[in-house]
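Per chain, numbering begins at 1; letters A, B, ... match sequence-line order.
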2 protein chains.
Amino acid sequence: MNELPHPVPGAPATPPTGEAERPRAPASLHGELLVALRDYIVEGNLADGARVPERDLCERFGVSRTPLREALKVLASEGLIDLLPNRGARIRPLRPHDIHELFDVMGGLEALAGRLACEKVEEAEIAEVERLHYEMYGYYLRRDLHGYFRCNQAIHLAIVAAARNATLDETYRTLSARLRRTRYAANLDQHRDRWGQAMREHEAMLDALRRRDGRELSDILFLHLRNKQLAALDVHQGASDGAGALPQDETSVA
Amino acid sequence: MNELPHPVPGAPATPPTGEAERPRAPASLHGELLVALRDYIVEGNLADGARVPERDLCERFGVSRTPLREALKVLASEGLIDLLPNRGARIRPLRPHDIHELFDVMGGLEALAGRLACEKVEEAEIAEVERLHYEMYGYYLRRDLHGYFRCNQAIHLAIVAAARNATLDETYRTLSARLRRTRYAANLDQHRDRWGQAMREHEAMLDALRRRDGRELSDILFLHLRNKQLAALDVHQGASDGAGALPQDETSVA
DNA sequence: TCTCCTGTTTTTGCATTCATTTTTGGAGCC
DNA sequence: GGCTCCAAAAATGAATGCAAAAACAGGAGA
């Protein structure tokens with residue numbers, strides 16, 4: 001395959017990129033292809049509703065149609081593309097309504113994660129969230145969106161991880177992928193009030209987590225996601241440029 | 001294909017079975033096969049950890065390996081089977097721990113559904129839930145497990161439907177399918193206290209829904225699922241026979 | 001100029017084929 | 001009797017081939 005992170009024969013199987021990859025079987029061609037295609041789509045290389053032509057992708061990734069079609073079926077079941085009978089695959093359009101739905105469900109899942117995390121979280125995990133929180137606060141003070149987004153995403157993933165529920169984790173990540181396709185390169189400076197509110201909500205989260213108050217953390221997370229949603233939709237509907245200053249893998253929202 | 005509800009050429013595309021089917025594309029061979037295979041597995045025709053031999057299934061369903069393998073990839077992404085590289089597919093074992101995780105996530109999703117439903121539910125939907133509730137109460141009084149389970153499942157699906165969130169609905173159904181593979185033919189008479197408690201929880205649900213108290217309905221649903229879980233695990237661990245009196249599509253729990 | 005029809009090209013869906021890997025069966029040996 | 005090793009058989013992973021459906025292009029007719 002051409003554009004895939006081809007494992008060099010002598011190199012270690014897991015490249016030291018430090019990125020926590022999906023535990024999916026990476027040993028088969030269709031498995032690697034699935035990951036590559038998902039990234040390709042999630043990173044926004046194909047526009048809403050665009051055709052996903054098999055032939056082109058086969059050439060691009062240097063594989064035959066069989067494994068590619070298998071990967072497409074899986075991506076369809078993950079909700080990233082639509083398969084039209086006899087008419088090929090299309091990038092599933094993300095209308096504001098779809099984004100709204102996704103944020104609600106992810107809010108529900110994060111709320112659950114918060115509740116479970118409070119039951120099971122260990123001191124070390126709380127410490128890690130605290131560390132990330134204060135690091136994020138630093139970025140907030142410096143108006144560093146790049147760092148802020150990265151920490152923000154890490155915090156939310158840490159809370160989901162602390163719930164110690166693999167099913168939850170996988171469901172959450174699958175839905176995240178759908179959402180990550182949009183380019184919310186939100187200039188939060190233009191939403192400074194929202195940014196400050198998000199920081200305060202994160203303060204409250206950390207406090208609830210420290211006290212292991214599951215119900216409160218659950219509520220905060222759900223409402224936090226709802227507020228996120230408003231900001232995101234605002235940006236999404238308003239701008240298609242988004243001042244594209246952020247690298248693609250950091251297109252989270254506040 | 002042999003065992004599939006073969007669409008006769010002259011017949012309408014959607015058979016009037018009255019059953020609300022998934023909105024997935026049913027027009028292609030792999031699409032029908034996916035539904036058929038999913039049902040076949042969900043209905044418990046294959047044991048935990050059993051091999052899923054391609055060749056046998058090809059003969060059983062009368063298709064070649066290509067569409068079958070496509071369907072298997074999708075079922076793996078849905079969590080029903082595991083795909084071992086070069087070693088074929090296995091029915092994903094449902095250990096008590098997995099069941100525990102699934103119940104927690106479904107509890108979170110139902111809690112979300114309750115919250116959203118209270119924001120959007122219409123009078124007619126409440127009336128329908130009420131009708132189902134009292135019908136279920138009748139079955140409870142008559143100790144009719146069959147009817148009770150059916151109504152119970154209908155109520156929970158109605159609440160999820162009332163949330164009017166297609167993403168939530170699909171996620172919920174996918175996880176439900178994983179769980180439905182277990183045969184909880186629980187004889188709730190042996191858990192009469194649990195059965196009564198479940199009825200009371202349903203009373204509280206209906207009350208919260210009537211008052212459109214999202215937070216309370218959310219809490220009740222989450223805890224209701226937790227309690228269900230205990231009963232289910234109790235049954236699951238204790239008996240592998242399950243007195244198999246119930247038809248397979250009614251293996252819900254109280 | 002627009003619409004409709006038709007023949008061609010492209011694309012999709014599925015079956016078949018080929019290369020590898022795994023599994024199986026048994027002979028030989030301890 | 002049990003274990004190891006090796007070869008045959010079977011199963012899997014991927015590529016190719018073929019029929020059918022859809023998209024496209026061009027021209028006739030209004």
Extract all donor-acceptor atom pairs below 3.5 Å that involve side chains of residues 84-93 of chain A and protein atoms in other chains or at least two apart in sequence.
from    : atom 1 : to      : atom 2 : distance (Å)
A:Arg92 : NE     : A:Asp82 : OD1    : 3.0
A:Arg92 : NH2    : A:Asp82 : OD1    : 3.2

Revision key, fill the gap. Each base of DNA chain C marked ( ) or [ ] if paired in-strand (Watson-Crick or G-U under 3.5 Å), | if paired to another strand and . if unpaired gives ||||||||||||||||||||||||||||||

Practice item. Show the numbers, then the answer: is there a side-chain contact (heavy atoms from CB on, under 4.5 Å) between B:Leu225 and B:His156? Key: CA-CA 11 Å; B:Leu225 266 281; B:His156 285 272; 4.2 Å; yes

Exercise for review: Would you mind checking if B:Glu122 and B:Arg164 are paired as a salt bridge, meaning a charged N to carboxylate O distance below 4.0 Å?
Suggested key: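 Salt bridge present between B:Arg164 and B:Glu122.
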
Point to revise | First and last nucleotide of DNA chain D, 5' to 3', lying under 4.0 Å from heavy atoms of chain A | key: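 Boundary nucleotides touching chain A, in 5' to 3' order, are D:dA14 to D:dA23.
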
Practice item. Sequence neighbours left out, what passes side chain to side chain contact (heavy atoms under 4.5 Å, CB included) with B:Arg115? Give chain and number order. Key: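 Partners of B:Arg115 by the side chain to side chain contact (heavy atoms under 4.5 Å, CB included) criterion, ordered by chain and then number, come out as A:Asp219, A:Phe222, B:Ser218.
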
Review point. Could you go step by step and tell me if A:Arg65 and A:Leu57 meet the side-chain contact (heavy atoms from CB on, under 4.5 Å) rule?
Key: CA-CA 9 Å; A:Arg65 284 176 55 219; A:Leu57 289 175; over 6 Å; no

Point to revise | Check: A:Ala166 main-chain N/O paired with B:Glu101 side-chain donor or acceptor under 3.5 Å | key: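 Confirmed, B:Glu101 side chain pairs with A:Ala166 backbone.
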
**Study point:** A:Glu70 side chain vs B:Arg69 backbone, donor-acceptor pair below 3.5 Å
**Key:**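 Such a contact is absent between A:Glu70 side chain and B:Arg69 backbone.
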
Practice item. Could you go through the side-chain contact (heavy atoms from CB on, under 4.5 Å) check for B:Met106 and B:Arg178 one step at a time? Key: CA-CA 11 Å; B:Met106 290 184 60; B:Arg178 280 198 221 180; over 6 Å; no

Practice item. Verify the neighbour count for atom CZ of A:Arg226: are there more than 12 heavy atoms of other residues, nucleotides or ligands below 6.0 Å? Key: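 Above 12, so yes.
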
Review point. Does the salt bridge (Lys or Arg N to Asp or Glu O under 4.0 Å) test come out yes or no for B:Arg60 and B:Asp56, once each step is laid out?
Key: CA-CA 6 Å; B:Arg60 174 183 296 277; B:Asp56 289 7; over 6 Å; no

Please write out the pairs of protein N or O atoms and N or O atoms of nucleotides 8-10 of chain C separated by less than 3.5 Å, giving the distance to one decimal.
none

Revision key, fill the gap. A correct 5'-to-3' footprint of nucleotides 12-17 of chain C, with B, S and - meaning base, sugar-phosphate only and no protein heavy atom under 4.0 Å, is BBSBBB

Practice item. Give the intermediate values and the outcome of side-chain contact (heavy atoms from CB on, under 4.5 Å) for residues A:Leu37 and A:Leu68. Key: CA-CA 9 Å; A:Leu37 248 181; A:Leu68 184 98; 4.0 Å; yes

Exercise for review: Using the side chain to side chain contact (heavy atoms under 4.5 Å, CB included) rule, pick out the option among A:Val105, A:Leu102, A:Val42, A:Asp98 that qualifies with A:Leu179.
Suggested key: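 For A:Leu179, the side chain to side chain contact (heavy atoms under 4.5 Å, CB included) check succeeds only for A:Leu102.
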
